[in-house]
Amino acid sequence: MAWFVKALNKDEKGFTLIELIVVIAILGILAAIAVPRYTGTLNQAKINADKATAQTIAEAAARWIMDKGSDSTVPKVDDLVNDKYLDKTPTVQSKSDATYNISAEDGTVTVTAEGPNNTEISATATYEIIK
């Protein structure tokens, strides 16, 4: 019946319940420290990716405006994708329901998006229309 139970010899020692509880508590403390640091790093990486994407969109929009020869019409992100200035429609990584908005004025394209906690993600690029 108890063929799977091995009797301990006098020189063999096992862990006591207290020792196991202490080890589990230490692992829990380490996890409580590590998990928030990991998620904070992940969130900051998404924000940095959004900033880089906004910069790419701003530069593409500036090229689009220069190619059109007029800044009377500001492109939308879909225009940049349809005209092959961007490969695909970019998404805001740090906030799933946000979108990139493009504006242009006085030779500067500004791209903005709403990030987490209502922070603003923005990038600019300059252009010059030669006539």
Side-chain angles (χ1 to χ4, degrees):
M1 178 174 185
W3 55 271
F4 55 87
V5 177
K6 178 184 170 195
L8 296 176
N9 295 333
K10 288 183 179 183
D11 58 343
E12 291 181 323
K13 299 256 181 190
F15 290 110
T16 65
L17 181 60
I18 297 297
E19 291 170 331
L20 290 174
I21 290 173
V22 168
V23 169
I24 291 171
I26 291 171
L27 291 174
I29 291 169
L30 290 175
I33 293 169
V35 169
R37 293 189 107 187
Y38 171 76
T39 56
T41 302
L42 185 61
N43 291 338
Q44 189 59 44
K46 288 180 179 180
I47 291 169
N48 290 341
D50 291 338
K51 289 177 183 178
T53 301
Q55 186 64 46
T56 300
I57 295 168
E59 291 168 3
R63 285 192 305 276
W64 188 91
I65 290 170
M66 288 187 290
D67 287 348
K68 299 297 180 189
S70 172
D71 59 359
S72 61
T73 303
V74 178
K76 293 183 171 61
V77 174
D78 290 338
D79 296 330
L80 297 174
V81 173
N82 293 337
D83 292 344
K84 306 295 184 202
Y85 287 86
L86 296 173
D87 290 335
K88 61 181 182 175
T89 304
T91 58
V92 180
Q93 299 294 315
S94 60
K95 190 170 182 180
S96 60
D97 61 342
T99 58
Y100 291 102
N101 301 304
I102 303 170
S103 62
E105 186 177 350
D106 297 330
T108 302
V109 173
T110 303
V111 176
T112 58
E114 184 180 324
N117 301 322
N118 296 325
T119 59
E120 183 178 279
I121 295 167
S122 67
T124 60
T126 59
Y127 63 89
E128 183 179 353
I129 299 172
I130 299 172
K131 296 181 181 184

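- Atom CG of residue N43 and atom CG of residue N48 lie 11.0 Å apart, to the nearest 0.5 angstrom.
- With E120 contributing its side chain and A113 its backbone, the two residues share no donor-acceptor pair below 3.5 Å.
- Judged by distance alone, the side chain of E59 and the main-chain N or O of T56 form no donor-acceptor pair under 3.5 Å.
- No side-chain donor-acceptor contact under 3.5 Å links D83 to the backbone of L80.
- One distance of note links CG of D106 with OH of Y127; it measures 7.5 Å at 0.5 Å rounding.
- Residues V35 and L27 do not share a hydrophobic cluster, clusters being chains of Ile/Leu/Val/Met/Phe/Trp/Tyr side chains in contact below 4.5 Å.
- With values rounded to the nearest 0.5 angstrom, N101 atom CG is found 4.5 Å from T99 atom OG1.
- Residues I65 and P75 form a side-chain contact, since some pair of their non-hydrogen atoms from C-beta on lies under 4.5 Å apart.
- Within the model, atoms CD1 of I33 and CD1 of I29 stand 7.0 Å from one another, a figure rounded to the nearest 0.5 Å.
- In terms of heavy-atom proximity, V74 sits nearest to W64 at C-CZ3, 4.3 Å.
- In the model, T91 has a side-chain atom that pairs as donor or acceptor with a side-chain atom of Q93 under 3.5 Å.
- Residues I57 and P90 share a closest heavy-atom pair of CD1-CG, 3.4 Å.
- Contact detail for S94 and D50: the closest heavy-atom pair is OG-OD2, 2.5 Å.
- Between the side chain of S96 and the main chain of V92, no donor-acceptor pair closer than 3.5 Å is present.
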Pair S103-E105, side-chain hydrogen bond (donor to acceptor under 3.5 Å, both in side chains): steps then yes or no: CA-CA 7 Å; S103 62; E105 186 177 350; over 6 Å; no
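- Shortest non-hydrogen contact noted between P36 and A31 is CD-O, 4.2 Å.
- For the atom pair CD1 of I121 and CD1 of I47, the computed distance is 6.0 Å after rounding to the nearest 0.5 Å.
- Counting all heavy atoms, side chain and backbone alike, A123 lies closest to K51 at CB-O, 4.4 Å.
- Rounding to the nearest 0.5 Å places CD1 of I21 at 12.5 Å from CD1 of I26.
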As a quick check of understanding, evaluate side-chain hydrogen bond (donor to acceptor under 3.5 Å, both in side chains) for Y85 and D79, giving each step before the final call. CA-CA 8 Å; Y85 287 86; D79 296 330; over 6 Å; no
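- Shortest non-hydrogen contact noted between K95 and N118 is NZ-OD1, 4.0 Å.
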Check the pair V77, I102 against side chain to side chain contact (heavy atoms under 4.5 Å, CB included), reporting the backbone distance first and the verdict last. CA-CA 8 Å; V77 174; I102 303 170; 4.0 Å; yes
